[in-house]
**Student:** 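Questions regarding the structure given below will be posed in turn.
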Amino acid sequence: MSGYNPEEIELKWQQTWDERDIFHSEVDENRPKFYCLEMFPYPSGHMHMGHVRNYSIGDSMARYRRLTGYNVLYPMGYDSFGMPAENAAKKIGGHPHDVTWSNIESIRGDLIRMGFSYDWRRELATSDSTYYHWNQWIFLKFYEMGLVERRTAPTNWCDSCDTVLANEQVKNNRCWRCNEEVRQKHFPSWWLKMTEYADELLDQLEHIEFPENVKVMQKNWIGRSHGAEINFSIVGEDSEISVFTTRPDTIFGVTFLTLAPEHQLCEGLVNGTEFESSFKELADECSKVSEFDRINMIRDKKGVFLGRYALNPLTGKEVPIYAGNFVVASYGTGAVMAVPGHDQRDHDFAKKYNLPIKQVLSEEEGKDPKVTGRAFEGLGWMINSEKSEFDGLYGDDAKSAVIDALEQIKMGQGTVQYRLKDWLLSRQRFWGTPIPIIHCEECGQVPVPENDLPVKLPLDVIFKEGQSGNPLDSHEEFVNTICPKCGGWARRETDTMDTFYDSSWYFLRFTDALNDSAPFNKLEADYWMSGGVDLYIGGIEHAIMHLLYARFFTKALRDAGLNDVSEPFSRLVCQGMVNSPTPYCIDCNVEYHVDLEGKKCPVCDVILNSRSAKMSKSLGNTVSPEIMIKKYGADTVRLFILFSANPEAGMEWSDSALEANHRQMHQIFNCLELIDSISNDDGPMDNWLSAKRRFNFSKWQNAMNDVRIREGVMISHFDMLSDLQWAIRRGGIGRKALLEHMKNWGEMLYPATPHIAEEWNLRLGEDILLAESTINDAVDNDDDIATLAAESTLRNLIDNARNVKGLAQRHSEDPVTKLVIQTSPEWKIELMLKAIELHSQDFDFMREGQAFIQSHSLFQDDSIRGEVMQYWRMLTIGSKKSRGRVFTLSEGERILVTSGFDEAEYILGAAEFISESIDIQGVDVYAAGNGEDVAGKARFAVPLQPGLAFH
RNA sequence: GCAGAGGUACCCGAGUGGUCAAAGGGGGCGGGCUCAAGUCCCGCUGCAGAAUGCUUCGCAGGUUCGAAUCCUGUCCUCUGCACCA
């Protein structure tokens, strides 16, 4: 038999699977479906370790589900629109289309080499017009539904990417992709009205299986806050100032109003007054700072009095109106009712400008508020209300009482405010889906007729280094067109769509990827998507952007009548990062490129330490999957990835661990040689091995069902091997038991390391592929528990004996050669049985145990009375640190004791093995009392824990 | 500042009231097989010790007969949100 040659068997089985179309899946109402999906890659060249991890998890689950009888949809595609390809094209003077396709070729090759079991017929690339055709079709659908809007508004502009960004794509005022600072720009742009789905997006979060942190992030992002809009009329004017607040319960504490300097009323209020110049100064200053900095950076709160007063609608009292630099125009109404007693910002402001501070909430019911010099921002009991009916109300009751009162006099109403904004869709770049709209001077915006779709990107565009702007703008053939309505000359829209649009529905397209007359067929989509994608695996970096857009899309498409599902993903698993050792300076808290490994910190000259950091090109701590596969084979890489950590946890790359896993693969493979060398006769360990196999199999299934892949792999790739080795060493097994073990084992090896498993299966003489097999759920035999318990008792005995032997040797002048094992005397077994019986009846040993034992017949025997008492305590009460033995018996141990297990005989049967294991010449076994009490160890002998003596 | 996830032996990592000195892996150490290398096998890896005792799961308290596990406080790490009214 030849040794383990991963490359040979991996390529062979990949070819076999492919030739037989095994992973093609079709709708089948008679089988439960399982839709397993991974976030598809942006094709930037070759596959990296993050991909390998993501897809190894997915593939093992897809294979596992097929094996357990599910109809599995497991597709793959490429998120292939986007700027990197466009930038690369500029660099080399090519076209992004060519750059993209050559990248797709290489990543596809890598995926195939890993043996991922995709239904390749469904492969798609979003930059292909057969895909973006339907982007455009859906856009027009949304347009019809009124979900699309073109409007001019402030947008986030990234200079380096030469385009606008959606709100979700700005992190800390920087572009999510290139980290360049963004600035505000006014632009006519296309928006998708995601806010119409804000409530549903938020409320449905409760019902889907997303990791808690993702839910929290989405919740924060949507940011629904309940509050009130309250109108303050301006003294001497007809107009009102409307403020938004989440704390209407503090209305009686309002001592001034603050407007954002951009607020439209400001100018009118100060115009031609003495306050005009100071206001202008503040407004100028604010206009120079971005909103982000306004919110984040300003520690110094500044304001100017606008010279006018407003009336508190509930008290009728006059409060001064200020403009303040810390109020932003884009949130709420751009105006704030200032309550310095209960808002720290207002408190600071009031102190600076000597404005009154009034406390209207008390921390404790019925008491006066504390004076602390700070604002009390928590919920409290209303006090000092100028209308006494409010005093004493708390929290939500207080808020709604105020809102009710305001609504009655029509000076305000309860409102809901969201942080979520509409989705800014248009991008001023080439490599994306053209927005299918035509601008006609006569007819305005005209949608491209459905029959004229797709609006294709021209291929005859030349990209050059240093070029800026969108080349579509100057592509005459593309731009110039005829208005579909009036037939006159018109211009095409040249903005393209945000690429997140593409990935917002690709999971639906996968259900019917070859459809050329619609985005997808409703029946197919509803079948595969019912209950959502069953397992969606990807990185946490998309927690807000992609996952929120996709959820919005699914709901909008549902309302367009395209599908019945509302939530795209039922269970989301965010795989952890792949880290690797990186030079690190503790003092400077900086990670350095691996070139500096073992060298000194360039800043502080201290020798660099090492710590683990996310694999990244800039640190140079990446590991190439290609090289690893070449060296060890795909199965080893998969095993390493899956065994290093459970999917959600971060994992550390380790060359030595990878090598160790490779050795493990060899060991597993070498077990095949046993088939030829093991005897046909039954072996003494046959029963135990079968019992252990069933036990493992059931644990493995539980782990895999719950995507605890690491635990599953530990059983399938480690425990199964060491159990087999134990059985052989311990006494041997027969061929029949071996083959049973191996067959089941092959099934368990399959999801994580499918190639070796198929080879295994073949060499076992099975004529059906594992890829085409299904397995039954694990079933335990009734006496398995006892079989396993007896053996583990023996294992404990040996471990114990080995330990004690060392100690004994130190106490002995001559080498110890003999082990005497005294098993429990009959009376201790009798007492344990009694204790077990009483325990099952909820007997109270603490209270009644003493009396019980004292009236027991054994207690009347003077010679053992002390020992009986002591043993009974140990059995039923235990020591300070451990509970009574009767409480800690495992199920198996309990069965052994109650079924009259003959311990001495069992140990005697293993005497030779014990001698060999601990390197001793002879073993005597007898029940305490039936022979010499060597070294007085009889008194330690209790059921399942015999006394051991060496001499 | 707020929110979420964490802190377990040399390292990674399981463990969520007693069967826990704490699975499994890596690394290290010892032994076996072998001419050798290892795609091999076995054992040890908190301290002391004839089976027990002691110390130990970030730190300090508390609840309990009993705490890695529950509670309170505290420190640190990571992630997200951030003067959001």
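Chain letters run A, B, ... following the sequence lines, proteins first, then strands; residues in each count from 1.
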**Student:** Distance check, C1' atoms only: B:U45 and B:A9, in whole angstrom units.
**Tutor:** 10 Å
**Student:** With sugar-phosphate meaning primed atoms plus P, OP1 and OP2, does A:D343 contact a base, only sugar-phosphate, or nothing at under 4.0 Å between heavy atoms?
**Tutor:** nothing
**Student:** Within the 4.0 Å limit for protein heavy atoms, which parts of nucleotides 24-30 of chain B are touched? Write it as a string from 5' to 3', B for base, S for sugar-phosphate only, - for none.
**Tutor:** BSSS---
**Student:** Measure CH2/A:W176 against C1'/B:G80 and give the value in whole Å, please.
**Tutor:** 17 Å
**Student:** Using purine N1 to pyrimidine N3 plus N6-O4 or O6-N4 for Watson-Crick, or N1-O2 and O6-N3 for G-U wobble, each under 3.5 Å, what pairs with B:U77?
**Tutor:** B:A5
**Student:** With both distances kept under 3.5 Å, what pairs with B:C44, Watson-Crick or G-U wobble?
**Tutor:** B:G28
**Student:** Taking the C1' atom of each, how far is B:C47 from B:G38, in whole Å?
**Tutor:** 36 Å
**Student:** Just wondering, are more than 12 heavy atoms of other shown residues or ligands nearer than 6.0 Å to CD in A:Q344?
**Tutor:** yes
**Student:** On a whole-Å scale, what distance lies between the P atoms belonging to B:U69 and B:G25?
**Tutor:** 26 Å
**Student:** Quote, to the nearest angstrom, the C1' distance that separates B:G32 from B:A36.
**Tutor:** 16 Å
**Student:** Between the side chains of A:H717 and A:T753, is a donor N or O closer than 3.5 angstrom to an acceptor N or O?
**Tutor:** yes
**Student:** Of the nucleotides B:G4, B:G49, B:A85, which one has an atom closest to the side chain of A:R810?
**Tutor:** B:G49
**Student:** Does the side chain of A:Q667 get closer than 4.0 angstrom to OP1 or OP2 of B:C41 through an N or O atom?
**Tutor:** yes
**Student:** With a non-hydrogen cut-off below 4.0 angstrom, is A:K215 in contact with a base, only sugar-phosphate, or nothing?
**Tutor:** nothing
**Student:** When the distance from CE of A:M217 to P of B:U79 is rounded to whole Å, what number comes out?
**Tutor:** 11 Å
**Student:** Could you tell me the separation between the OG1 atom of A:T250 and the NE2 atom of A:H342, rounded to the nearest 0.5 Å?
**Tutor:** 7.0 Å
**Student:** Expressed in angstrom and rounded to an integer, what is the separation of A:I230 atom CD1 from B:A85 atom P?
**Tutor:** 14 Å
**Student:** Look at A:D249 together with A:K399 and state whether they make a salt bridge at an N to O cut-off of under 4.0 Å.
**Tutor:** no
**Student:** Classify the ring geometry of A:Y322 against A:Y353: parallel below 30°, tilted from 30° to 60°, perpendicular beyond 60°.
**Tutor:** tilted
**Student:** Please report the distance separating the P of B:C29 from the corresponding atom of B:C20, rounded so that it comes out in whole Å.
**Tutor:** 30 Å
**Student:** Do A:K828 and A:E867 sit within salt-bridge range, that is, some charged N less than 4.0 Å from a carboxylate O?
**Tutor:** yes
**Student:** In whole angstrom, give me the gap between the P atoms of B:C54 and B:G15.
**Tutor:** 29 Å
**Student:** When you check every protein heavy atom under 4.0 Å of nucleotides 16-21 of chain B, what one-letter string (B, S, -) results, 5' to 3'?
**Tutor:** --BB--
**Student:** Below 4.0 angstrom, N of the basic side chain to O of the carboxylate: do A:R730 and A:E791 qualify?
**Tutor:** yes
**Student:** For A:M545 and B:G80, give me the distance from atom CE to atom C1', rounded to whole Å.
**Tutor:** 13 Å
**Student:** Considering Watson-Crick and G-U wobble pairs with both distances under 3.5 Å, what does B:U56 pair with?
**Tutor:** none
**Student:** List the atom of A:H347, the atom of A:A375, and the distance in Å for their closest heavy-atom pair.
**Tutor:** CD2-N, 3.9 Å
**Student:** Find out whether the Lys NZ or Arg CZ of A:R729 is both under 6.0 angstrom from the six-membered ring centre of A:F913 and within 45° of the ring's axis.
**Tutor:** no
**Student:** Ignoring the backbone of A:R419, work out which of B:C81, B:G49, B:C42 is nearest its side chain.
**Tutor:** B:C81
**Student:** Test the A:K805-A:F950 pair against the cation-pi criterion, namely NZ or CZ under 6.0 angstrom from the six-membered ring centroid and within 45° of the ring axis.
**Tutor:** no
**Student:** Parallel, tilted or perpendicular for A:H546 and A:H542, by the 30°/60° rule?
**Tutor:** perpendicular
**Student:** I'd like the P distance from B:C84 over to B:A68, given in whole Å.
**Tutor:** 42 Å
**Student:** For A:D346, which contact category applies under a 4.0 Å heavy-atom criterion: base, sugar-phosphate, or nothing?
**Tutor:** nothing
**Student:** What's the CE-P distance between A:M577 and B:G80, to the nearest Å?
**Tutor:** 8 Å
**Student:** How many Å lie between CZ on A:R802 and C1' on B:G31, as a whole number?
**Tutor:** 12 Å
**Student:** Can you check whether A:Q725 has a side-chain N or O nearer than 4.0 Å to OP1 or OP2 of B:C41?
**Tutor:** yes
**Student:** If you measure from the P atom in B:G26 to the same atom in B:G18, how many Å do you get, rounded?
**Tutor:** 29 Å
**Student:** Under 4.0 Å between any heavy atoms, over every strand shown, what does A:V804 touch: base, sugar-phosphate, or nothing? Just pick one.
**Tutor:** base
**Student:** Need to verify one output field. Residue with the more 5' nearest nucleotide on RNA chain B, A:G334 or A:A645?
**Tutor:** A:A645
**Student:** For A:D799 and B:A22, what is the distance between atoms CG and P respectively, to the nearest whole Å?
**Tutor:** 11 Å
**Student:** Rounding to a whole Å, what distance do you find between A:F669:CZ and B:G38:P?
**Tutor:** 22 Å
**Student:** Could you say whether A:E652 or A:W221 is positioned toward the 5' end of RNA chain B, judged by the nucleotide with the nearest heavy atom to each?
**Tutor:** A:E652
**Student:** Using a heavy-atom cut-off of under 4.0 Å over every strand shown, decide if A:G878 touches base, sugar-phosphate, or nothing.
**Tutor:** nothing
**Student:** Any idea how A:W653 and A:F640 line up, ring-wise: parallel (<30°), tilted (30 to 60°), or perpendicular (>60°)?
**Tutor:** perpendicular
**Student:** Assign A:P6 to base, sugar-phosphate, or nothing according to its heavy-atom contacts below 4.0 angstrom with the strands shown.
**Tutor:** nothing
